[in-house]
Amino acid sequence: MENFIAYNPVTLHFGKNILTTLGPTLKEYGNRVLLVYGKGSVKKSGLYDRIMDGLKLQGFEVSEYGGIKSNPVIEDVDAAAAIGREHQSDVILAVGGGSVIDSSKIISVTIPVENSGWDFFTGKINAAKAIPVVAVLTLAATGTEMNPFAVVSNHALGQKSAYGSPLTFPKHSFLDPGLTLTVPRDYTAYGVADLIAHCFEAWFGIGETTLTDRFVISIVKEAMEYGPKLLADLQNYEYREKIMFAATMALNGMTMYGRSTGDWGVHSAGHCLSLLYDVPHGASLTIVYPAWMRHFKTQAGHRIVQLGSGLFDETLTADETIDRIEAFFKSLGCPIRLSDLKIPGDPGQPLFESMVHNKVNGGNLKMKEEDYRALIGLYL
Ligand code: NZQ
Ligand code: ZN
């Protein structure tokens, strides 16, 4: 086992109708709220009106920034930070999926400085002060609600990068599984895939830790059992609840106890697909993961076999394990080859260049340019 520090300061509010305490929670931080949301799902579902009416009734001053796109971009972060600065926001209320919450984390550290939020990603500056973020999660997938990470794209520079600091944890996250009932089938499936991929990234990291391995296997088994049930019954609250809980646990630190790093090479490679072709995050992972395991099956063969017996309760070879995992992703309706997405032209070379430019790599299994070519060849 590797030495580790466990730290997670997020207060998680989980369950049916949990939003009743949202107002008093926001009041802890002040009266001026910057409400951040996405492209329109919150308006369509009625959540926007519910929250806005509640905030006004409770005497909050609300400014807002809507329109954060999936695979969020730095321009929106900077524009929202300017609004927060102008209105001297006391607290950011992020209502949406990972894209909205990630953007809000960077908005929170950008408001107190004159820089672009991108300067955090390049390492030009580090977070010294943050406006508190309170999140209302509407999509189970990323785990952002209980971690400090934020992933944002800068298309002008051709980069999709991650940033995290002890200051970028949300202060509170509200998780009502009922708010995810409107998530369409495709994004529900991508969420299940994403949470499984987070477990795999931890699994292929550095550090032998049997207890944490059991956490990982349990979370993935939960997702493999209830993910398909949910996809067959999207209005089922109980299945929504199980997947939401699993997604939060998959990336809140507990799968990393006793490990010095996860791998994250698949995420790193997947970000290039999202950057170039706006592939939804979870879909990028179902394309890259089977290819990555095939590519590294010699170096990581032992761990792939262990994963197979843990997940499927029988002795499988590495190849059989990979085939089963790929078949599972396919059964969710997720793409498993880039060709499934029917991208025009030949994406191979642009992807290779993007991987070089973004210095795609794993924390454990290192990748060089020849690995990029092999990997792309396996998933095109
Ligand atoms: O924009 P709106 O209209 O809100 O629609 C969104 C969007 O189109 C929609 N949606 C969200 N909640 C909904 C809903 N539609 C109906 N009903 C609801 N209740 O779903 C679409 C996808 O939303 P998005 O927030 O983009 O999805 P997700 O939560 O998967 O977030 C993806 C982003 O998170 C990053 C990804 O790279 C990607 O940029 N990640 C963040 C991580 C973290 N912070 O720890 C880790 C992950 O590995 C990941 O990299
Ligand atoms: Zn992910």
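This chain uses plain numbering: 1 for the first residue, then up along the sequence. Just so you know, ligand 1 is whichever comes first in the structure, and atom 1 is the first atom listed for that ligand.
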Taking 4.0 Å as the limit for heavy-atom contacts, which would you say applies to [X] with ligand 1: side chain only, backbone only, both, or neither?
X      : result
Asp102 : side chain
Val183 : both
Ile101 : neither
Lys69  : neither
His271 : side chain
Phe149 : both

* Structure fact -> Minimal heavy-atom distance between Ser70 and Ser99, with the atoms involved, is CA-OG, 3.4 Å
Among all protein heavy atoms in this structure, tell me which lies nearest to [atom], with the distance rounded to 0.1 Å.
atom                    : answer
atom 22 (C) of ligand 1 : Tyr187 CE2, 3.4 Å
atom 27 (O) of ligand 1 : Leu139 CD1, 3.7 Å
atom 49 (C) of ligand 1 : His281 NE2, 3.3 Å
atom 45 (O) of ligand 1 : Asn147 ND2, 2.9 Å
atom 24 (P) of ligand 1 : Ser99 OG, 3.4 Å
atom 34 (O) of ligand 1 : Thr142 CG2, 3.4 Å
atom 16 (C) of ligand 1 : Thr182 O, 3.3 Å

Suppose I only count heavy atoms of [X] and a 4.0 Å limit; which atoms of ligand 1 are within that range?
X      : answer
Ser70  : 22 (C), 24 (P), 26 (O)
Leu251 : 45 (O), 46 (C)
Lys160 : 36 (C), 37 (O), 38 (C), 39 (O)
Leu179 : 19 (N)
Thr138 : 11 (C), 12 (N), 13 (C), 18 (C), 19 (N)
His267 : 48 (O)

* To do: Taking the six-membered ring for Trp and the full ring for Phe, Tyr or His, determine whether the centres of Trp203 and Phe200 are under 6.0 Å apart.
  => no
* To do: Verify whether the ring centers belonging to Phe204 and Trp264 lie closer than 6.0 Å.
  => no
Report yes or no: do [X] and [Y] form a side-chain donor-acceptor pair below 3.5 Å?
X      : Y      : value
Thr248 : Glu145 : yes
Arg240 : Thr188 : yes
Asn252 : Asn147 : no
Asp102 : Thr144 : yes
Tyr289 : His267 : no
Lys160 : Asn358 : no
Asn71  : His281 : no

Give a yes/no verdict on whether any heavy atom in [X] is under 4.0 Å from an atom of ligand 1.
X     : result
Pro72 : yes
Gly40 : yes
Asn71 : yes

* Asked: With a 4.5 Å limit on heavy-atom distance, are the side chains of Lys69 and Asp278 in contact?
  ->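 Yes. Closest side-chain heavy atoms under 4.5 Å.
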* Asked: So between Lys39, Arg240, Lys43, whose heavy atom ends up nearest atom 1 (O) of ligand 1?
  -> Lys39
* Structure fact -> Ranking Gly66, Ser41, Gly38 by closest non-hydrogen atom to atom 4 (O) of ligand 1, top hit is Ser41
* **ligand 1 N/O within reach of Thr144 N/O, cut-off under 3.5 Å** => yes
* **Nitrogen or oxygen atoms of Gly98 and ligand 1 under 3.5 Å apart** => yes
* Atom pair CD1 (Ile304) and CD (Gln299), whose distance is rounded to the nearest 0.5 Å ->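 One gets 10.0 Å once the value is rounded to the nearest 0.5 Å.
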* To do: Drop me the distance from Leu157's CG to His155's NE2, to the nearest 0.5 angstrom.
  => 11.0 Å
Would you mind listing every ring-ring contact (aromatic ring centres under 6.0 Å, His included) that reaches into [range], with sequence neighbours excluded?
range            : value
residues 102-122 : Trp118-Phe121, Phe120-Tyr163
residues 48-107  : Tyr37-Tyr48
residues 310-361 : none

* Asked: Any sub-3.5 Å donor-acceptor pair from Lys359's side-chain atoms to Val356's backbone N or O?
  ->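 Side chain of Lys359 to backbone of Val356: no pair is present.
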* **For Cys199, the option from Leu307, Leu251, Val216 that meets side chain to side chain contact (heavy atoms under 4.5 Å, CB included)** =>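 Looking at Leu307, Leu251, Val216, the match for Cys199 under the side chain to side chain contact (heavy atoms under 4.5 Å, CB included) is Val216.
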* Knowing that exactly one of Leu26, Val95, Ile92 qualifies, which makes a side chain to side chain contact (heavy atoms under 4.5 Å, CB included) with Val134? -> Leu26
* Total protein N, O or S atoms, the Zn ion (ligand 2), separation less than 2.8 Å -> 4
